[in-house]
2 protein chains.
Amino acid sequence: MSHPTSSSQKQVAAALAAAPLFADLSPPLLTALATIAVRAHYGPQQVVFLAGASDEHLYVIAHGWLKSVKIAAGGREQTLALFGPGEVFNLAVLADVPTQATVIALEPTTLWGIPRARLHELMAIHPELAQALIRSLATRVIRLSDLVEDLALRSVEARLARLLLQRAVGGEILRQPWATQAEFATQLGTVPDVLNRALQTLVTAGIIVVERQCIRVIDQAGLELRAQIT
Amino acid sequence: MSHPTSSSQKQVAAALAAAPLFADLSPPLLTALATIAVRAHYGPQQVVFLAGASDEHLYVIAHGWLKSVKIAAGGREQTLALFGPGEVFNLAVLADVPTQATVIALEPTTLWGIPRARLHELMAIHPELAQALIRSLATRVIRLSDLVEDLALRSVEARLARLLLQRAVGGEILRQPWATQAEFATQLGTVPDVLNRALQTLVTAGIIVVERQCIRVIDQAGLELRAQIT
DNA sequence: GTACAAAACCGACAAAAGTCAATGACGGGC
DNA sequence: GCCCGTCATTGACTTTTGTCGGTTTTGTAC
């Protein structure tokens, strides 16, 4: 799946610098990272690694989208996070434990993998790298805490309202081709049927309009109200 | 609440070294930490900080137990984590964002607070400190991921069974005085009534026995079975 | 355009979780 | 020992969520 890249390291370094996580790193550090980064490519639905596997790489996304999911025995899924270009995942590798979730590509995706051992070496030399990783981890903790809050304390409708508010850009949520209702359901911790019902409720209440590739927010205030309740 | 301590820094350093997070740090680093650590004390039910506040300290627990909770408008709580002696919390401070959860002491508790600015200075000098924090953060991510999995994919009964299995030592779960059923309920993401029903189900099934300060596991296999389902 | 598969949608029903009100048990202070 | 407040327990009931079966719509390949 993955293989050493021999493409110009300058290009790789420039690409890495595009990732927010690495944007502030010094040029020599970026070059060092580019030297050890290994490129890998995945197609839609392809599994990067399964929960419980021990993958020794930290991954940076060159382009494409992936999801990190927990899968129950019955097949039901809960997505923990979506990862887009420039984001980093498999931070569990930093704790020396097996991966805790399954990561699946949603579309054609290119990654750079950085082996754990090399990462530790670099961190010892460049404290700024450790800093960057710490920030990344801390924000992940916050995201997960919010997810827990949602699941434990809010109704499906409220969760949906919050998701819409969060994703809306100029009153619109553009849907990637892979963003089916089933995908949304796994993000919200429910099943497609229930999600659909919640959507219809919002539609008939005149709060949103669902179009082909896009959900349009009509009544921002109404949506915010529903995001609070329960 | 908190005030500079003038007690022997050697003592403080020794106490810090007792925390698993800091156990492997070099003596000079421990001394440096001890110099800047500020002691604070909290009583039962006392709030260390509220969600949304900006507390600029990383805390290490000298002794006592605390909980980190999200509180809904209606008053319902979800605990994100319990923290005991030697553990570290308020890692959000590392991401430069306001605290995301409320932290409350469960019993008389002593903390050392380390100001954010000082922490960053020390991290720049001592990469091992950054390493330790990274490990700590990574395990927190894993814990939270498991909590999400529980909430989204498992029934209350299964969650309870898992909690019991996890806490059991030699087939017994000792209950701290503050570990009321209401507390357990907030850890499991439900309400006391429902938790109680789940407990009774396990009792009548002959899987556990509930005594005064202690829950005893009778049928380990049965409990493990119930921990899987749904 | 047709054919097909995937996704969306819908209604009836089942199960799980939450709420409410009331009662019993326990522990600590006096 | 007694009183009182907190915690635990219980049954009846409501609400939310999940399930199942099916139909309609949509997008895509041919």
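Numbers restart at 1 for each chain; the letters A, B, ... are given by sequence-line order, proteins then strands. Just so we're clear, the structure is a prediction, and the values are computed from it rather than from any experiment.
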Could you check if a side-chain atom of [X] sits within less than 4.5 angstrom of a side-chain atom of [Y], using non-hydrogen atoms only?
X         : Y         : result
Asp146(B) : Ile142(B) : yes
Leu133(B) : Leu58(B)  : yes
Val169(A) : Leu174(A) : no
Gln78(B)  : Thr186(B) : no

TODO: Take the C1' atoms of the five end pairs on each side of the helix from dG1(C)-dC30(D) to dC30(C)-dG1(D), derive the two axes, and give their angle rounded to 10 degrees.
DONE: 40°
- [ ] Let me know which of Arg159(B), Arg154(B), Arg143(B) forms a salt bridge (charged side-chain N to carboxylate O under 4.0 Å, His left out) with Glu149(B).
- [x] Arg154(B)
Measure from [atom1] on [X] to [atom2] on [N] and round the result to the nearest Å.
X         : N       : atom1 : atom2 : value
Leu151(A) : dA16(C) : CG    : C1'   : 16 Å
Arg212(B) : dA25(C) : CZ    : P     : 13 Å
Gln200(A) : dA7(C)  : CD    : P     : 18 Å
Leu199(A) : dC9(C)  : CG    : C1'   : 11 Å
Leu153(B) : dA16(C) : CG    : P     : 16 Å
Arg154(B) : dA17(C) : CZ    : P     : 13 Å

Atom [atom1] of [X] and atom [atom2] of [Y]: how far apart are they, to the nearest 0.5 Å?
X         : Y         : atom1 : atom2 : result
Thr180(B) : Leu106(B) : OG1   : CG    : 9.5 Å
Phe184(A) : Leu160(A) : CZ    : CG    : 8.5 Å
Ile215(B) : Arg167(B) : CD1   : CZ    : 10.0 Å

Quick one: does any side-chain atom of [X] pair with a main-chain N or O of [Y] as donor and acceptor, under 3.5 Å?
X         : Y         : answer
Gln213(A) : Glu211(A) : no
Thr99(A)  : Val93(A)  : no
His57(B)  : Arg116(B) : no

Task: Glu224(B) and Gln220(B) side chains, donor-acceptor separation under 3.5 Å - done: yes
Task: Strand contacts (DNA chain C) in residues 179-192 of chain A, 4.0 angstrom heavy-atom criterion - done: Thr180(A), Gln181(A), Ala182(A)
- [ ] Specify the residues of residues 64-73 of chain A, ordered by number, for which at least one heavy atom lies under 4.0 angstrom from an atom of DNA chain C.
- [x] none
- [ ] Kindly assign one of parallel, tilted or perpendicular to the pair Tyr59(B) and Phe89(B), based on the angle between their ring planes and the thresholds 30° and 60°.
- [x] parallel
Task: OP1 or OP2 of dA8(C) under 4.0 Å from side-chain N/O of Asn196(A) - done: no
Task: Comparing Glu157(A) and Asp193(A) on DNA chain D - which has the more 5′ nearest nucleotide - done: Glu157(A)
All N/O pairs under 3.5 Å across the protein-nucleotides 12-14 of chain C interface:
unit_1, atom_1, unit_2, atom_2, d
dA12(C), N6, Arg197(A), NH1, 3.4

TODO: Please say which of Leu223(B), Asp219(B), Val210(B), Val217(B) ends up in a side-chain contact (heavy atoms from CB on, under 4.5 Å) with Leu202(B).
DONE: Leu223(B)
- [ ] Report the residue from Ile173(B), Leu199(B), Ile218(B) that forms a side-chain contact (heavy atoms from CB on, under 4.5 Å) with Ile208(B).
- [x] Leu199(B)
- [ ] Check salt bridge (charged side-chain N to carboxylate O under 4.0 Å, His left out) between Arg140(B) and all other residues, then give those that pass, not counting sequence neighbours.
- [x] none
- [ ] Would you mind classifying the nucleic acid contact of Val194(B) as base, sugar-phosphate or nothing, using non-hydrogen atoms under 4.0 angstrom?
- [x] base
- [ ] Identify the 5'-most and 3'-most nucleotides of DNA chain D with at least one atom closer than 4.0 Å to a non-hydrogen atom of chain A.
- [x] dT17(D) to dG27(D)
